Amino acid sequence: MNYMTIRTRFAPSPTGFLHIGGARTALFSWAYARKHHGQFILRIEDTDVARSTPEAVQAILDGMHWLGLDYDEGPFYQMQRMPRYREVIQQMLEQGHAYYCYASKEELEALRESQMQQGLKPRYDGRWRPEAGKQLPNAPQDVPPVIRFKNPQTGFVEWNDLVKGSIRISNEELDDLIIARADGTPTYNFCVVVDDYDMKISHVIRGDDHVNNTPRQINMLRALGAPVPKYAHLSMILGDDGQKLSKRHGAVSVMQYHEDGYLPEAVLNYLARLGWSHGDDEIFDMQQFCSWFDLDHITPSAAQFNTEKLNWLNAHYIKQADLSGLADDIAVRLEQLGIQNVSHETLTQQIALYRERTQTLQELANSLVYFYQTPEPAQDQLEKHLTDDIKPVLSNLIELLKTSEWTADAVHHVIDKIVQDNGLKFPKVAMPLRVILTGSAQSPSINEVMYILGREVVLKRLQQFF
RNA sequence: GUCCCCAUCGUCUAGAGGCCUAGGACACCUCCCUUUCACGGAGGCGACCGGGGUUCGAAUCCCCGUGGGGACGCCA
């Protein structure tokens with residue numbers, strides 16, 4: 001039995017929107033906490049003052065909210081924790097775990113270059129690292145010092161990654177990383193350590209681009225006498241084309257999915273299955289996901305995003321969705337298309353007719369436009385279906401429609417009667433109607449469409465062609 | 001360059017030595033349903049990167065290749 005309280009965190013840096021990879025990391029961290037009745041904490045890592053923006057913070061918050069990933073604590077902002085970081089840095093300085101380094105950026109750049117040329121891993125050479133019996137250079141007056149962590153130089157760091165298994169890295173591969181910049185602000189690896197410690201994080205679930213930071217963080221944690229959390233490093237998500245997602249290529253805000261007409265439950269379900277599995281289960285809600293979720297079934301390899309499958313899930317959730325709720329969403333989208341004041345009730349009928357044949361809400365909204373705006377049928381469709389031989393039949397039909405009862409069934413019977421009387425096949429009459437009334441050769445049952453359009457509109461649109 | 005990680009159908013994955021003639025899902029193809037297109041239903045196509053071991057037996061374990069990816073910042 002594990003009596004430890006599970007505490008996870010999602011710690012994005014507010015330098016851009018919440019993208020799909022970040023969303024999955026958040027989802028897994030959230031689910032792990034929920035599964036174990038622990039706490040999920042949101043922490044904004046905004047120590048890069050130059051790149052962090054309040055807009056990005058808001059974008060992340062919006063994304064989390066849209067997905068329904070609620071947090072128990074936070075959001076905490078690292079910039080508001082400066083006094084605490086200074087305190088810990090001071091403590092490390094005093095205990096000999098950290099020291100001042102006066103090497104200039106130029107000096108370090110030169111060092112890096114020569115190391116690369118020699119085929120070595122570029123890293124700080126410890127020139128300002130104090131050692132027993134070592135004579136340090138005189139501190140230059142014109143270089144404001146940074147503070148470096150005194151990383152162990154021998155031995156190795158090993159941890160059992162909950163996704164990737166045992167990982168061991170020699171301390172000789174590591175160097176003395178900077179924990180405070182020349183201007184005094186602390187850096188990422190250090191803040192993470194202090195925060196994870198202070199916030200009693202039990203499981204660090206994050207992207208595997210952090211694997212290389214882990215040994216450094218563990219060393220600092222040890223220097224502070226802090227417990228080492230469990231780590232689970234998630235592999236990255238590749239774009240639809242198999243390429244890495246980046247700002248320049250393919251990375252999309254989760255809110256873009258909202259705009260494009262995806263339901264959060266579809267995105268969530270899709271993301272949950274990207275890198276994690278529960279046997280053959282494909283469709284499940286977040287309650288089920290939280291009860292099933294575990295770290296053992298996360299794949300260690302990278303996954304390629306597949307919009308087709310997301311579309312399939314989205315179509316599924318659109319079919320399941322509450323009609324009235326859909327209507328609210330679609331009304332907004334129609335408004336963006338210049339269609340105002342739609343009747344909620346009529347809209348609900350239209351959606352009921354179209355939801356089974358559409359993959360996104362935007363597509364759904366687009367497909368309803370002809371109900372509100374007279375469509376312009378493509379010429380080739382008209383030529384194909386509105387043939388001279390069928391025109392007299394349609395004229396006949398128009399007359400009958402003027403006085404018939406107006407229900408979907410009744411309209412169907414009227415069309416059917418015309419079809420029978422003329423010895424035709426149903427599509428022969430249905431297709432030209434479809435093209436004229438909807439502007440397209442594809443639509444739901446034409447009698448249903450006509451019923452919702454209403455007698456007046458139907459006659460008006462038809463008579464344009466006679 | 002150095003270190004680290006990864007490797008099953010086109011894609012997401014199941015698979016913890018025999019249950020695998022490798023299962024499911026998306027996509028694709030065929031048929032059925034049908035008032036067109038979808039939806040739905042029934043089939044089909046389609047994969048263990050290569051080579052060595054270990055073992056009675058390997059998709060599963062080990063090693064070496066190969067191929068991908070990540071990291072090497074006073075970014076996070």
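From a predicted model like this one, the values you see are computed outputs, not experimental measurements. Chain letters run A, B, ... following the sequence lines, proteins first, then strands; residues in each count from 1.
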Worksheet item: Contact class for A:S445 (heavy atom, under 4.0 Å): base, sugar-phosphate, or nothing?
Response: base
Item to complete: Let me know the distance between CE of A:M450 and P of B:U36, rounded to the nearest Å.
Response: 16 Å
Practice prompt. Could you tell me whether A:D161 contacts a base, only the sugar-phosphate backbone, or nothing, with contacts defined as non-hydrogen atoms closer than 4.0 Å?
Written response: nothing
Discussion item. For a quick check of understanding: with a heavy-atom distance under 4.0 Å over all strands, which category does A:P444 fall into, base, sugar-phosphate or nothing?
Written reply: base
Practice prompt. Return the value, rounded to whole Å, for the distance between atom CD1 of A:I298 and atom P of B:U13.
Written response: 11 Å
Response to the item:
Residue pair A:V49/A:L310 against RNA chain B: nearer the 5' end by closest nucleotide is A:L310
Worksheet item: Which is true for A:P122 with a 4.0 Å heavy-atom rule: it touches a base, it touches only sugar-phosphate, or it touches nothing?
Response: base
Practice prompt. Assign A:T47 to base, sugar-phosphate, or nothing according to its heavy-atom contacts below 4.0 angstrom with the strands shown.
Written response: sugar-phosphate
Worksheet item: How is A:L274 classified with respect to the nucleic acid when contacts are heavy atoms under 4.0 Å: base, sugar-phosphate, or nothing?
Response: sugar-phosphate
Worksheet item: Under 4.0 angstrom, heavy atoms only, what part of the nucleic acid is A:H210 near: base, sugar-phosphate, or nothing?
Response: base
Item to complete: Go through residues 189-198 of chain A and report each residue with a non-hydrogen atom lying under 4.0 Å from RNA chain B, sorted by number.
Response: none
Worksheet item: With a 4.0 Å cut-off on heavy atoms, is A:S440 in touch with a base, just the backbone sugar-phosphate, or nothing at all?
Response: nothing
Worksheet item: Over how many whole Å does the gap from A:I436 atom CD1 to B:U36 atom C1' extend?
Response: 15 Å
Discussion item. Could you tell me if A:R216 sits above the aromatic ring of A:F149, with its cationic atom closer than 6.0 Å to the ring centre and no more than 45 degrees from the axis?
Written reply: no
Worksheet item: Of the candidate nucleotides B:U36, B:C6, B:A25, which contains the atom at the shortest distance from the side chain of A:K164?
Response: B:C6
Worksheet item: When we call it a touch if two heavy atoms are under 4.0 Å apart, what does A:Q304 touch: a base, just sugar-phosphate, or nothing?
Response: sugar-phosphate
Worksheet item: Using a cut-off of 4.0 Å on non-hydrogen atoms, how would the nucleic acid contact of A:A56 be classed: base, sugar-phosphate, or nothing?
Response: nothing
Worksheet item: Hey, does A:V146 reach any base, or is it just sugar-phosphate, or nothing, if we go heavy atoms under 4.0 Å?
Response: base
For residues 311-318 of chain A, which side-chain N or O atoms pair as donor and acceptor with protein atoms under 3.5 Å away, sequence neighbours left out?
residue: A:N311; atom: OD1; partner: A:Y262; partner atom: OH; Å: 2.5
residue: A:N311; atom: ND2; partner: A:T307; partner atom: O; Å: 3.4
residue: A:N314; atom: OD1; partner: A:L263; partner atom: N; Å: 2.8
residue: A:N314; atom: ND2; partner: A:G261; partner atom: O; Å: 3.1
residue: A:N314; atom: ND2; partner: A:Q359; partner atom: O; Å: 2.6
residue: A:Y317; atom: OH; partner: A:N269; partner atom: OD1; Å: 2.6
residue: A:Y317; atom: OH; partner: A:F284; partner atom: O; Å: 3.1

Worksheet item: How would you label the contact of A:H385 with the nucleic acid (heavy atoms, under 4.0 Å): base, sugar-phosphate, or nothing?
Response: nothing
